[in-house]
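Numbering of residues begins at 1 and proceeds along the displayed sequence.
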Amino acid sequence: MTTATEFSARAERYRPELVAHCYRILGSIHDAQDVVQETYLRAWRGIDRFEERSSLRRWLYTIATRASLSAAGTRGRRPLPSGLAGPHDDHRVAVGETDPTVPWLQPAPDGLLGGDPAAVVAGRAGIRLAFVAALQLLPARQRAVLALRDVLGFSTAETAEVLDTTVDAVDSALRRARSRLADAAPDPEALVEPDDEGLRDLLDRYVDAFARADPAALVGVLRADVELEMPPTPTWFTGRDAVVGFLGRRVLRRAGVWHLEPTRANGQPALTVSRHDGGDRPYGVQVLTVIGGRVGRITSFNDPTLVPLFAPVGPRGSRGR
């Protein structure tokens, strides 16, 4: 009989990739962690029925995928503002009221996804924020099929076994998912980031602009076609003039208010954000898409509960002071 220690020794190495898989389906790092924890509990309780009939990894994926689909059925898809309406190119527009009933997409800390085989099978595209956001356009079952087949490299027969369905059903779902995502895949250029020194310099300039409340300093950091979205605010902006205008008018009003610490999310550069007006308060997480040496997209998740999940990159307090 397998002991708890033996089971843990064999199964724990799959936890990061299972978190990544559940996150692709659910769009929530909190929900993904909960489902993976439930997966391990179910697997341990059913270990006597496992009997090595398939690989332990595939068995865990079977439990995790089915649990994710069950969770997705009760919680719905998680969009970004860009998945609900078009952008504005004028920063003077009225900003829409936040809707607390919308379950917004969340970023995923790289530290929780370490060991994800997508890094080998499909490169960073498998966890890029744009890719996970695009997955949310699909029904949950199509998300699962596409993740298993195209990201993780499961065969059609293996995917059918995981989902307890037929090979024909898997092929049909995969065709529909690929067709829907054809125009929503991440830009290959966006997967090529500057070298370490170039990226550090870019982040230093970006962080410094927030610390000094200097929107003009962002002009040289942002692409002309930069986009900014800020869930749970439904309004989002496109174009450097609109983005810099919005930040200057609504956000960067006084020096010393904002403190940003570099981190990593979804295989991309990111920053935790805190406010220093009357105390040091967590505010949210920004995920940056860097294209051609400049920031092409800022996705600012204004949710303080996300901040504790992210570890700083580099010596803490070395930036933005």
Are any non-hydrogen side-chain atoms of [X] and [Y] less than 4.5 angstrom apart?
{"X": "Arg240", "Y": "Arg294", "result": "yes"}
{"X": "Asn302", "Y": "Val285", "result": "no"}
{"X": "His91", "Y": "Arg249", "result": "yes"}
{"X": "Leu306", "Y": "His30", "result": "yes"}
{"X": "Arg264", "Y": "Pro109", "result": "no"}
{"X": "Val221", "Y": "Leu202", "result": "yes"}
{"X": "Arg223", "Y": "Val295", "result": "no"}
{"X": "His88", "Y": "Thr238", "result": "no"}

Taking NZ, NE, NH1 and NH2 as the nitrogens, is one of them in [X] or [Y] under 4.0 Å from a carboxylate oxygen of the other?
{"X": "Asp31", "Y": "Arg78", "answer": "yes"}
{"X": "Arg149", "Y": "Glu158", "answer": "no"}
{"X": "Arg212", "Y": "Asp208", "answer": "yes"}
{"X": "Glu38", "Y": "Arg42", "answer": "yes"}

In Å, rounded to the nearest 0.5 Å, how long is the span from [atom1] of [X] to [atom2] of [Y]?
{"X": "Leu218", "Y": "Ile298", "atom1": "CG", "atom2": "CD1", "answer": "7.0 Å"}
{"X": "Ser274", "Y": "His259", "atom1": "OG", "atom2": "NE2", "answer": "5.5 Å"}
{"X": "Asp90", "Y": "Asp241", "atom1": "CG", "atom2": "CG", "answer": "10.0 Å"}
{"X": "Arg13", "Y": "Arg57", "atom1": "CZ", "atom2": "CZ", "answer": "9.5 Å"}
{"X": "Leu163", "Y": "Thr62", "atom1": "CG", "atom2": "OG1", "answer": "8.0 Å"}
{"X": "Leu152", "Y": "Thr65", "atom1": "CG", "atom2": "OG1", "answer": "8.5 Å"}

Distance-only, no hydrogens or angles: does the [X] side chain make a donor-acceptor pair with backbone N or O of [Y] under 3.5 Å?
{"X": "Ser70", "Y": "Arg66", "value": "no"}
{"X": "Ser8", "Y": "Thr5", "value": "no"}
{"X": "Arg15", "Y": "Tyr40", "value": "no"}
{"X": "Thr233", "Y": "Thr98", "value": "no"}
{"X": "Glu229", "Y": "Thr299", "value": "no"}
{"X": "Ser179", "Y": "Arg175", "value": "no"}
{"X": "Arg275", "Y": "Val257", "value": "no"}
{"X": "Arg143", "Y": "Leu138", "value": "yes"}
{"X": "Asn266", "Y": "Ile127", "value": "yes"}
{"X": "Arg75", "Y": "Pro103", "value": "no"}

Legend entry - Criterion side-chain contact (heavy atoms from CB on, under 4.5 Å) on Val145 and Asp150, from CA distance to verdict: CA-CA 8 Å; Val145 168; Asp150 286 0; over 6 Å; no
If I compare all heavy atoms of [X] with all of [Y], which pair ends up nearest, and what's the gap?
{"X": "Pro234", "Y": "Pro81", "value": "O-CB, 3.4 Å"}
{"X": "Ser68", "Y": "Leu26", "value": "O-CD2, 3.4 Å"}
{"X": "Cys22", "Y": "Val36", "value": "SG-CG2, 3.8 Å"}
{"X": "Arg24", "Y": "Ala147", "value": "CD-CB, 4.3 Å"}
{"X": "Pro282", "Y": "Pro304", "value": "O-CB, 3.5 Å"}
{"X": "Pro262", "Y": "Leu203", "value": "CB-CD1, 4.4 Å"}

Legend entry - Gln268-Thr289 side chain donor-acceptor pair, cut-off 3.5 Å: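 A donor-acceptor contact under 3.5 Å links the two side chains.
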Inset, instruction - Please name all residues satisfying side chain to side chain contact (heavy atoms under 4.5 Å, CB included) with Ala169, sequence neighbours left out, ordered by chain then number. - result: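 Listed in chain order: Thr165, Thr166.
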Inset, instruction - Apply the test side-chain contact (heavy atoms from CB on, under 4.5 Å) to residues Val35 and His21: give CA-CA distance (whole Å), side-chain angles for both, the deciding distance (0.1 Å), then the verdict. - result: CA-CA 10 Å; Val35 166; His21 176 61; over 6 Å; no
Applying ring-ring contact (aromatic ring centres under 6.0 Å, His included), name anything that partners [X], two or more places apart in sequence or on another chain.
{"X": "Phe154", "value": "Tyr61"}
{"X": "Phe301", "value": "none"}
{"X": "Tyr283", "value": "Trp258"}

Inset, instruction - Evaluate the ring planes of Phe7 and Trp44, with Trp represented by its six-membered ring, and classify them as parallel (under 30°), tilted (30 to 60°) or perpendicular (over 60°). - result: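 It falls in the tilted class, 30° to 60°.
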Inset, instruction - Give the cluster check for Val93 versus Val244: same hydrophobic cluster or not, with ILVMFWY residues linked at side-chain heavy-atom distances below 4.5 Å. - result: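 Yes, it is one cluster - the side chains of Val93 and Val244 are joined through contacts under 4.5 Å.
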Legend entry - Test side-chain contact (heavy atoms from CB on, under 4.5 Å) applied to Leu247 and Leu228, step by step: CA-CA 10 Å; Leu247 292 174; Leu228 167 68; 4.1 Å; yes
Inset, instruction - Begin with the C-alpha distance, continue with both residues' side-chain angles, and end with the deciding distance and a verdict on salt bridge (charged side-chain N to carboxylate O under 4.0 Å, His left out) for Arg200 and Asp204. - result: CA-CA 6 Å; Arg200 281 196 300 269; Asp204 280 342; over 6 Å; no
Legend entry - Sole candidate of Asp34, Leu309, Leu105 that passes side-chain contact (heavy atoms from CB on, under 4.5 Å) when paired with Ile29: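 Of the listed residues Asp34, Leu309, Leu105, the side-chain contact (heavy atoms from CB on, under 4.5 Å) partner of Ile29 is Leu309.
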Inset, instruction - Given side-chain contact (heavy atoms from CB on, under 4.5 Å), test Val167 with Thr159 step by step and report yes or no. - result: CA-CA 8 Å; Val167 167; Thr159 302; over 6 Å; no
Inset, instruction - Please test Gln106 against Ser28 for side chain to side chain donor-acceptor pair (under 3.5 Å), starting from the C-alpha separation and ending with a verdict. - result: CA-CA 5 Å; Gln106 295 179 338; Ser28 163; 3.1 Å; yes
Inset, instruction - For the pair Ser172 and Arg176, evaluate side chain to side chain donor-acceptor pair (under 3.5 Å) and give the outcome as yes or no after the intermediate values. - result: CA-CA 6 Å; Ser172 176; Arg176 292 196 299 272; 2.6 Å; yes
Inset, instruction - Tell me who clusters with Trp104, hydrophobic residues only, linked when side chains sit under 4.5 Å apart either directly or through other members. - result: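 Answer for Trp104: Leu84, Val102.
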Legend entry - ring-ring contact (aromatic ring centres under 6.0 Å, His included) contacts touching residues 208-243 (sequence neighbours left out):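 Counting only pairs at least two positions apart or across chains, the ring-ring contact (aromatic ring centres under 6.0 Å, His included) contacts touching residues 208-243 are Tyr206-Phe210, Phe237-Phe246.
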Inset, instruction - Take atom CD of Glu97 as the centre, draw a 6.0 Å sphere, and report whether it contains more than 12 heavy atoms from other residues, nucleotides or ligands. - result: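 Open: at most 12 neighbouring heavy atoms sit under 6.0 Å from CD of Glu97.
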Legend entry - CG/Asp89: more than 12 non-hydrogen atoms of other groups inside 6.0 Å: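 Counting other residues, nucleotides and ligands, CG of Asp89 stays at 12 neighbours or fewer.
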